[in-house]
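I have placed the structure first, in the form of structure tokens, so that the comments after it can refer back to it.
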Amino acid sequence: MEWLFQRCHKEVFFSGFRSVLLMSCLLLVLSVSMYPGLWSIGVQLHSAFTGSYAPGHHSLLLINSPNELAAKDIGRVIMERRLAASINILARTSTMYYWKGEIQDASEVLMLVKTKTSRIQQVMDFVRSVHPYANPEVLSFLVEDGSLAYMKWMDEAIPDD
């Protein structure tokens, strides 16, 4: 009889332990998969309670283009996909760079893409897939501070992941 009691006690203990372990793993997986949404909610709560901006939630991308038409085509698709809140296309700029061991001098158009930091990879992947250059310039900079009203508008303009 004592043997049966010890065996049942162990089984109850291990089944309870397995349930706790399974629930912990499930909670971990859900937390990781929901991280972008949770991050966005956390940033909004931070801004609402403190009245200040949470640095790093938004980013500015610099993207070069050989001409205005290419810049507008790329920019329009980025906007249609709602990957950015706003894009500025700056008039021709003079640029110098090394390419295949030689200094190049060219005229380019610069795009300033304002987006959420969580969308950078999607924007970069798209740009690389359609850009006429073999190695397009796509640089990102975290926004450390700015107009709260503008940042809120950006959050509304770009849907969560």
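Distance check, rounded to the nearest 0.5 Å: CH2 of Trp153 to CD1 of Ile158 gives 7.5 Å. Taking CG of Leu62 as the start and CG of Leu112 as the end, the distance is 6.0 Å to the nearest 0.5 Å. To the nearest 0.5 angstrom, Ile103 atom CD1 is 4.0 Å from Tyr98 atom OH. Annotation: the span from Asp125 atom CG to Leu83 atom CG amounts to 10.0 Å, rounded to 0.5 Å. Here NE2 of His58 is found 7.5 Å from OG1 of Thr117. Values are rounded to the nearest 0.5 Å. Asn88 CG to Lys114 NZ: the interatomic distance, rounded to the nearest 0.5 Å, is 3.5 Å.
Looking at Met154 and Thr115, their side chains never come closer than 4.5 Å, going by heavy atoms from C-beta outward. Within the 4.5 Å cutoff, the side chain of Lys116 has heavy atoms near those of the Asp160 side chain. By the 4.5 Å heavy-atom criterion applied to side chains, Val77 and Asp73 are not counted as neighbours.
The shortest non-hydrogen separation linking Pro132 to Ala70 is CG-CB, 4.5 Å. Of all heavy-atom pairs spanning Ser94 and Asp105, the tightest one is OG-OD1, 3.9 Å. Closest heavy-atom contact between Ile74 and Phe126: O-CE2, 3.8 Å.
Follow the hydrophobic side-chain contacts under 4.5 Å out from Val109 and you reach Ile78 in the same cluster. Placement of Ile120 and Val143 in two distinct hydrophobic clusters is found when ILVMFWY residues are connected by side-chain heavy-atom separations under 4.5 Å, directly or transitively. Val138 and Ile87 fall within the same hydrophobic cluster, where Ile, Leu, Val, Met, Phe, Trp and Tyr residues are linked whenever their side-chain heavy atoms come under 4.5 Å apart, directly or through other members. Ile63 and Leu60 fall into different hydrophobic clusters, defined by Ile, Leu, Val, Met, Phe, Trp and Tyr side-chain heavy atoms under 4.5 Å apart, directly or through other members. Cluster membership for Leu139 and Met111, using ILVMFWY side-chain heavy atoms within less than 4.5 angstrom, is not shared.
No more than 12 heavy atoms of other residues, nucleotides or ligands shown are found within 6.0 angstrom of CZ on Arg76. No more than 12 heavy atoms of other residues, nucleotides or ligands sit less than 6.0 Å from atom CD of Glu102.
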Q.
What verdict does the side chain to side chain contact (heavy atoms under 4.5 Å, CB included) test give for His131 and Asn64, after you've listed the backbone C-alpha separation in whole Å, the side-chain angles of each residue and the deciding distance to 0.1 Å?
A. CA-CA 9 Å; His131 203 284; Asn64 66 347; 3.9 Å; yes

Q. Taking it one step at a time, do Thr95 and Glu137 satisfy side chain to side chain contact (heavy atoms under 4.5 Å, CB included)?
A. CA-CA 12 Å; Thr95 184; Glu137 173 187 12; over 6 Å; no

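At a cut-off of 3.5 Å, with distance as the only test, a side-chain donor of Glu108 or Tyr133 sits close to an acceptor on the other residue.
No donor-acceptor pair closer than 3.5 Å links the side chain of Arg128 to the backbone N or O of Pro136. Arg119 places a side-chain N or O within 3.5 Å of a backbone atom of Pro159 that can act as its donor or acceptor partner.
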